[in-house]
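Read through the structure below, which is laid out as structure tokens, and then see the notes.
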2 protein chains.
Amino acid sequence: MIRKPATIHDIANHLNISPSTVSRALSDHPRISAATKKLVVETARVLNYNPNRLASNLRKGAGSTIGVVLPLINRHFFANIISGIEKVTANRGFSVIICQSSEKLENEIESLHTLLRNRVAGILISLSSESRDNSHLKALKNSNVPIVLFDRSIEDPEFDKVIINDFRGAYLATSHMIDQGYTNILHFSGPLQISTYRRRFEGYRQALLDRGIPFDPKKVYENVINREKAELLTEELIRSGLPMDAIFSASDMSALGALIRLKAHHIKVPEEIGVAGYVNEPFAAFIDPSLTSIEQFGEKIGIRAAETLLKKIDGSANPEDTQLIEPELIVRKSTDRIIQQQR
Amino acid sequence: MIRKPATIHDIANHLNISPSTVSRALSDHPRISAATKKLVVETARVLNYNPNRLASNLRKGAGSTIGVVLPLINRHFFANIISGIEKVTANRGFSVIICQSSEKLENEIESLHTLLRNRVAGILISLSSESRDNSHLKALKNSNVPIVLFDRSIEDPEFDKVIINDFRGAYLATSHMIDQGYTNILHFSGPLQISTYRRRFEGYRQALLDRGIPFDPKKVYENVINREKAELLTEELIRSGLPMDAIFSASDMSALGALIRLKAHHIKVPEEIGVAGYVNEPFAAFIDPSLTSIEQFGEKIGIRAAETLLKKIDGSANPEDTQLIEPELIVRKSTDRIIQQQR
DNA sequence: ATAAGTTGCGCAATCGATTGCGCATTTTTT
DNA sequence: AAAAAATGCGCAATCGATTGCGCAACTTAT
């Protein structure tokens with residue numbers, strides 16, 4: 001049996017009162033008597049009434065959904081962020097619409113249009129790697145939709161953002177390696193024009209300098225972002241006999257690549273060479289040797305970003321421009337050569 | 001400057017025509033002249049017009065978003081599914097609202113209400129582990145919203161579903177182990193009242209029987225679903241000296257637990273004992289020895305489920321009740337003792 | 001006892017897009 | 001040339017909930 005969902009009119013008819021009264025009763029308006037409210041709430045339950053958000057939001061001029069745009073859903077880090085966002089918004093009666101840009105600027109722009117069409121109350125976005133141009137974000141500004149960037153953001157102070165202290169993460173990792181007695185530390189980085197990798201690089205450099213270890217740009221390898229590239233590079237480094245006693249990689253995948261080649265050459269990690277990664281992928285704990293890495297607290301980022309957006313939406317506060325989430329160093333076996341595998 | 005989004009009225013005013021004409025022009029109605037259409041489309045672009053989905057869907061009685069409910073977003077498998085869903089729906093002009101039940105029936109029910117409030121065009125749902133009772137699903141049936149279950153479903157033929165052939169996956173894994181010469185294969189399972197684990201168990205048993213290996217219920221260990229439990233159990237098995245030469249685990253995490261304890265006792269994998277997991281978590285490829293597992297093609301499941309739902313929505317086809325996705329055996333080192341680590 | 005305030009509720013407009021119906025004007029048919 | 005059909009567009013109702021305004025009835029203040 002096909003049945004249309006009940007409306008406030010149905011409730012009104014059942015009780016011989018007006019729809020306005022029903023609406024007000026349901027939203028606990030002070031000018032409606034307690035008796036009427038009780039009646040309305042009861043018949044609402046009986047008729048299985050579920051308010052039509054479309055109508056409500058249309059009338060109120062937007063309202064109860066927030067939009068999320070991110071590069072890839074099936075990355076552990078981003079999935080955690082979504083999870084965090086969802087937890088916050090669900091509690092506050094918001095639904096979330098998720099859009100995936102697949103790292104393409106075109107999709108990102110299209111996603112924003114979709115969200116605007118749905119008249120979302122606010123937007124959370126993490127930029128695709130293609131997004132050098134930010135005109136689409138600027139355009140959002142005068143469409144009056146609150147927006148908060150997370151993780152991958154732009155340098156514009158006009159926008160609120162929740163980002164990770166990448167400098168600090170890299171600084172922690174590098175300092176730790178120095179503490180472990182490594183002195184000749186290479187850095188496998190990503191594309192340095194991307195702010196995330198740039199800041200990790202800067203953290204690495206600063207840690208060296210602060211400990212009195214000379215920084216040598218030749219020890220920084222750009223664009224080593226996946227396992228294959230890391231394997232090739234590591235192989236080459238080993239063969240060339242370049243002096244080194246540690247590798248700090250800006251991603252766990254490339255750290256893994258390094259580990260694999262070191263292992264193949266029977267070079268002991270962490271005894272001879274230390275390796276640290278970044279992002280703390282789930283596998284980092286499970287490989288052998290387990291990989292020292294930087295935890296980024298994806299869920300926390302999602303929670304903070306969502307909370308910030310909700311504050312902007314209800315205007316209850318004007319949040320700071322930029323919120324930094326502090327990462328944490330997770331020391332595992334791949335760098336732990338002092339208290340070697342004690343525990 | 002705060003500006004309201006343009007409406008068809010704005011376009012109509014600009015051109016001194018009626019909103020109806022604008023609406024029809026935009027939807028390419030045959031009774032509107034080509035000239036008018038062109039004018040309308042142009043000024044729509046100039047005014048930065050973005051149709052209000054709320055209004056449109058309200059008028060049309062639902063329409064352009066579909067809802068997804070699943071137990072956990074930050075699981076590799078489910079994240080892949082979402083990714084697949086998103087790919088399909090985005091192409092067809094649908095947005096997706098994501099709800100996370102966190103394995104709680106209460107949240108699952110609440111999520112369904114949220115989706116109904118948003119008048120979604122259809123619902124994709126994977127049940128929480130708590131969901132024994134299905135009355136909330138039955139209730140959906142007469143609310144006239146198309147619904148497709150995926151992965152975690154119920155046995156009711158009333159519902160369309162896209163699920164994995166768990167029997168087959170387990171059968172493949174077990175057969176492979178037998179082919180590798182293992183004859184005394186234990187099975188680490190999950191709670192057997194959950195259909196997924198039950199079917200994996202049955203696949204395991206059938207593979208044994210088909211190869212003439214007696215099935216012994218004592219070799220099946222229930223509820224070994226995480227690493228800790230697997231570690232404890234494996235430790236106990238080793239100490240007790242129970243004869244065995246392989247472990248087929250219904251999850252990668254427990255397979256990992258087994259590997260860890262075997263390694264600790266210097267028992268060689270795969271030479272002395274073979275180990276296979278299930279789900280093919282990302283880490284399976286990276287641990288040492290790499291773990292044989294079953295790939296479930298999460299993205300494909302998402303794609304198929306979404307396609308099925310869209311078909312139901314536009315009524316273009318009445319899909320089959322149940323679609324089985326075939327899993328694939330991924331052989332890695334942990335069971336590969338014949339062609340040992342060649343390649 | 002009259003003025004003033006309070007309480008309880010209904011009328012009708014509104015949000016923006018869609019669509020059945022109808023009215024002209026033009027084109028085609030016989 | 002008259003009838004029939006096609007073309008192009010506007011009017012106004014509609015989807016369901018919200019809300020400013022107003023009108024009674026009743027309570028409190030003077």
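Below, chain A is the first sequence line, B the second, and so on; all start at residue 1. Atoms considered below: every heavy atom in the structure, side chains included; atoms not considered: hydrogens, waters and symmetry mates.
Residue-level contact check: B/T36 touches the backbone only, with heavy atoms under 4.0 Å from sugar-phosphate atoms and none from bases. Among the heavy atoms of the strands lying under 4.0 Å from B/S33 are primed sugar atoms or P, OP1, OP2 only; no base atom is included.
One donor-acceptor pair, N or O on each side, does fall under 3.5 Å between the base of D/dG20 and the side chain of A/R24.
The distance from atom CG of B/D10 to atom C1' of C/dA17 is 13 Å, rounded to the nearest whole Å. Here D/dG8 presents its C1' atom at 14 Å from CG of B/L39, a figure rounded to the nearest Å. For the pair B/H29 NE2 and D/dG10 P, the computed distance is 13 Å after rounding to whole Å. In this structure, B/R31 atom CZ and D/dA6 atom P are separated by 9 Å, rounded to whole Å. One atom, CG of B/L26, and another, P of D/dC9, lie 13 Å apart when rounded to the nearest Å. The CG-C1' distance, from A/D28 to D/dT19, rounds to 16 Å in whole Å.
Counting only heavy atoms from C-beta on, B/T21 has its side chain closest to D/dG10 among D/dT19, D/dG10, C/dA17.
Under the side chain to side chain contact (heavy atoms under 4.5 Å, CB included) rule, A/V68 has a single partner from A/I73, A/I81, A/I85, which is A/I85.
Judged by the 6.0 Å distance and 45° axis criteria, A/K141 is positioned over the aromatic ring of A/F159.
In terms of modelled atom types and a separation under 3.5 Å, the side chain of B/S33 and the main chain of B/T36 share a donor-acceptor contact. A side-chain donor-acceptor contact under 3.5 Å links A/R152 to the backbone of A/L127. Side-chain atoms of B/K37 come within 3.5 Å of backbone atoms of B/H29 as a donor-acceptor pair (strictly under, hydrogens ignored).
Nucleotides of DNA chain D nearest to A/N50 and B/I17 differ in position, and the one nearer the 5' end is that of B/I17.
Residue B/S111 holds its OG atom at 6.5 Å from CD of A/E86, rounded to the nearest 0.5 Å.
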Review item, nucleotides 12-16 of chain C N/O atoms under 3.5 Å of protein N/O:
{"from": "C/dA12", "atom 1": "N6", "to": "A/S20", "atom 2": "OG", "distance (Å)": "3.4"}
{"from": "C/dT14", "atom 1": "O2", "to": "A/R59", "atom 2": "NE", "distance (Å)": "3.3"}
{"from": "C/dT14", "atom 1": "O2", "to": "A/R59", "atom 2": "NH1", "distance (Å)": "2.9"}
{"from": "C/dC15", "atom 1": "O2", "to": "A/R59", "atom 2": "N", "distance (Å)": "3.3"}
{"from": "C/dG16", "atom 1": "N2", "to": "B/A55", "atom 2": "O", "distance (Å)": "3.2"}

